[in-house]
Asks: 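First the structure, which I've put down as structure tokens, then a few questions once you've had a look.
Everything numeric in this text was worked out from a predicted model, so none of it was measured.
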Amino acid sequence: MKLYYSPNLNPRVAVAVARHLNSPVEYIRASPRHPDHEEAFRPINPNTLVPVLVEGDRKLWETDAIACRLSELAGSDFWRRDEQMAEMIMWVSWGSHHLNRAAGELYFDRLIRPTFSDQGADPAVIDEALRDFRRYAAILDAELEGRTWLVGGRFSYADFRVASSLPFAQGAGLPVAEFPNVARWHDRLWEIDAWRAPFDGLP
């Protein structure tokens with residue numbers, strides 16, 4: 001199997017999953033949106049994005065699908081397959097559509113945009129993203145009160161997925177310190193080697 005990745009937000013999660021599960025993959029760093037690479041990458045993923053997991057003739061394009069497949073191959077309940085699966089998927093969906101949507105705007109405007117443009121972000125967009133992040137981080141903070149992990153008291157993919165943006169909190173200006181339960185939860189995640197340093201030793 002081959003896992004195509006970059007050091008960005010969503011591919012980081014896919015690499016962390018693979019390393020946490022000790023998945024037998026070959027890691028291939030890719031820049032599919034680079035003008036010199038885009039057309040060559042299109043047969044691998046017509047969206048010309050990473051991560052992509054290639055397993056024989058099978059190609060999986062999205063982070064969550066890759067996490068599901070690698071967990072299945074590992075025989076792990078990291079991706080829940082019991083009565084907790086619906087709750088796990090609830091958190092995966094919520095993280096993607098709410099908390100990390102807001103954080104992703106800040107991540108893009110403060111960390112990615114400066115790499116290719118001198119034009120600053122619209123302050124109104126930044127303000128709205130910060131308001132949304134604080135709104136959803138407050139919800140997460142309340143839900144984490146008295147919990148170690150998000151689902152069933154045990155670590156799961158939901159924890160990785162909801163925390164997708166938090167490794168970039170300093171550069172993106174995410175006010176995580178305002179939410180002590182979120183900060184403590186992410187400190188626990190930071191103790192996991194695969195989450196703290198997913199790219200160590202990779203090309």
Asks: For Val92 and Ala158, work out which heavy atoms get closest and say how close.
Replies: CG2-CA, 4.2 Å
Asks: Do Leu60 and Val50 belong to the same hydrophobic cluster, where Ile, Leu, Val, Met, Phe, Trp and Tyr are linked whenever their side-chain heavy atoms lie under 4.5 Å apart, directly or via other members?
Replies: no
Asks: I'd like to know if Glu105 pairs up with Arg101 as an ion pair, taking the criterion as any Lys NZ or Arg NE/NH1/NH2 lying under 4.0 Å from an Asp or Glu carboxylate oxygen.
Replies: no
Asks: Does any non-hydrogen side-chain atom of Trp79 lie less than 4.5 Å from one of Glu72?
Replies: no
Asks: Please report the closest heavy-atom contact between Thr63 and Ala14, naming both atoms and the distance.
Replies: CG2-N, 4.0 Å
Asks: Would you verify whether the NZ or CZ of Arg19 falls within 45 degrees of the ring axis of Trp195 while also being under 6.0 Å from that six-membered ring's centre?
Replies: no
Asks: Taking it one step at a time, do Tyr4 and Ile44 satisfy side-chain contact (heavy atoms from CB on, under 4.5 Å)?
Replies: CA-CA 9 Å; Tyr4 292 85; Ile44 299 171; 3.8 Å; yes
Asks: Tell me whether Val176 shares a hydrophobic cluster with Leu130, the cluster being built from Ile, Leu, Val, Met, Phe, Trp, Tyr side chains joined at under 4.5 Å.
Replies: yes
Asks: Would you mind reporting whether Val17 and Ile66 have side-chain heavy atoms less than 4.5 Å apart?
Replies: no
Asks: Using a strict threshold of under 4.0 Å (side-chain N to carboxylate O), is an ion pair present between Asp159 and Arg188?
Replies: no
Asks: Could you tell me which non-hydrogen atom of Ala18 sits nearest to which non-hydrogen atom of Leu3, and how far apart they are?
Replies: CB-CD2, 4.0 Å
Asks: Checking side-chain polar atoms at under 3.5 Å, does Asn100 have a donor or acceptor matched by the opposite partner on Tyr107?
Replies: no
Asks: So do the side chains of Asp77 and Gln84 get within less than 4.5 Å of each other, counting heavy atoms only?
Replies: no
Asks: Could you give me the CA-CA distance, side-chain angles and deciding distance for Asp132 and Glu128, then say whether side-chain contact (heavy atoms from CB on, under 4.5 Å) is met?
Replies: CA-CA 6 Å; Asp132 285 347; Glu128 182 178 6; 4.1 Å; yes
Asks: Out of curiosity, does Leu9 fall in the hydrophobic cluster containing Leu174 (side-chain heavy atoms, cut-off under 4.5 Å, transitive links)?
Replies: no
Asks: Do you know which two heavy atoms are closest between Pro51 and Asn10, and how far apart they sit?
Replies: CD-C, 4.3 Å
Asks: Under 4.5 Å between side-chain heavy atoms, counting indirect links through other Ile/Leu/Val/Met/Phe/Trp/Tyr residues: same cluster for Val13 and Leu99 or not?
Replies: yes
Asks: Assess the residue pair Met85 and Ser156 against the criterion (side-chain contact (heavy atoms from CB on, under 4.5 Å)); give the C-alpha distance rounded to whole Å, side-chain angles, the decisive distance to 0.1 Å, and a yes or no.
Replies: CA-CA 10 Å; Met85 182 168 65; Ser156 76; over 6 Å; no
Asks: Would you please indicate yes or no on a ring centroid separation below 6.0 angstrom for Tyr5 and Phe199?
Replies: yes
Asks: Side-chain contact test, heavy atoms from C-beta onward, threshold under 4.5 Å: evaluate it for Leu166 versus Leu189 and give yes or no.
Replies: no
Asks: Determine, using the 4.5 Å side-chain heavy-atom cutoff (strictly less than), whether Trp185 and Met90 are members of one ILVMFWY cluster.
Replies: yes
Asks: Are Leu106 and Phe168 packed together at the side-chain level, in the sense that at least one heavy-atom pair is separated by less than 4.5 angstrom?
Replies: no
Asks: Is there a side-chain contact between Pro167 and His186 in this structure, where contact means two heavy atoms from C-beta onward sitting under 4.5 Å apart?
Replies: yes
Asks: Please list, chain by chain and in numerical order, all residues satisfying side-chain hydrogen bond (donor to acceptor under 3.5 Å, both in side chains) with Ser71, sequence neighbours excluded.
Replies: none
Asks: Students often mix this up, so state it plainly: with edges at 30° and 60°, are the rings of Phe116 and Phe108 parallel, tilted or perpendicular?
Replies: tilted
Asks: State, with a plain yes or no, whether a side-chain heavy atom of Val54 is found less than 4.5 Å away from one of Ile28.
Replies: no
Asks: Applying side-chain contact (heavy atoms from CB on, under 4.5 Å), run through Met1 and Leu73 and close with a yes or a no.
Replies: CA-CA 11 Å; Met1 291 187 296; Leu73 290 171; 3.6 Å; yes
Asks: According to the interplanar angle, ranging from 0 to 90°, do the rings of Trp94 and His98 count as parallel (below 30°), tilted (30 to 60°) or perpendicular (above 60°)?
Replies: tilted
Asks: The criterion is side-chain hydrogen bond (donor to acceptor under 3.5 Å, both in side chains); which residues satisfy it with Asp64, sequence neighbours excluded?
Replies: Tyr157, Arg161
Asks: Under the rule for ring pair (Phe, Tyr, Trp, His ring centres under 6.0 Å), what residues qualify as partners of Phe155, not counting sequence neighbours?
Replies: His20, Phe78, Trp149, Phe160
Asks: Any heavy-atom pair between the side chains of Arg33 and Leu49 that's under 4.5 Å?
Replies: yes
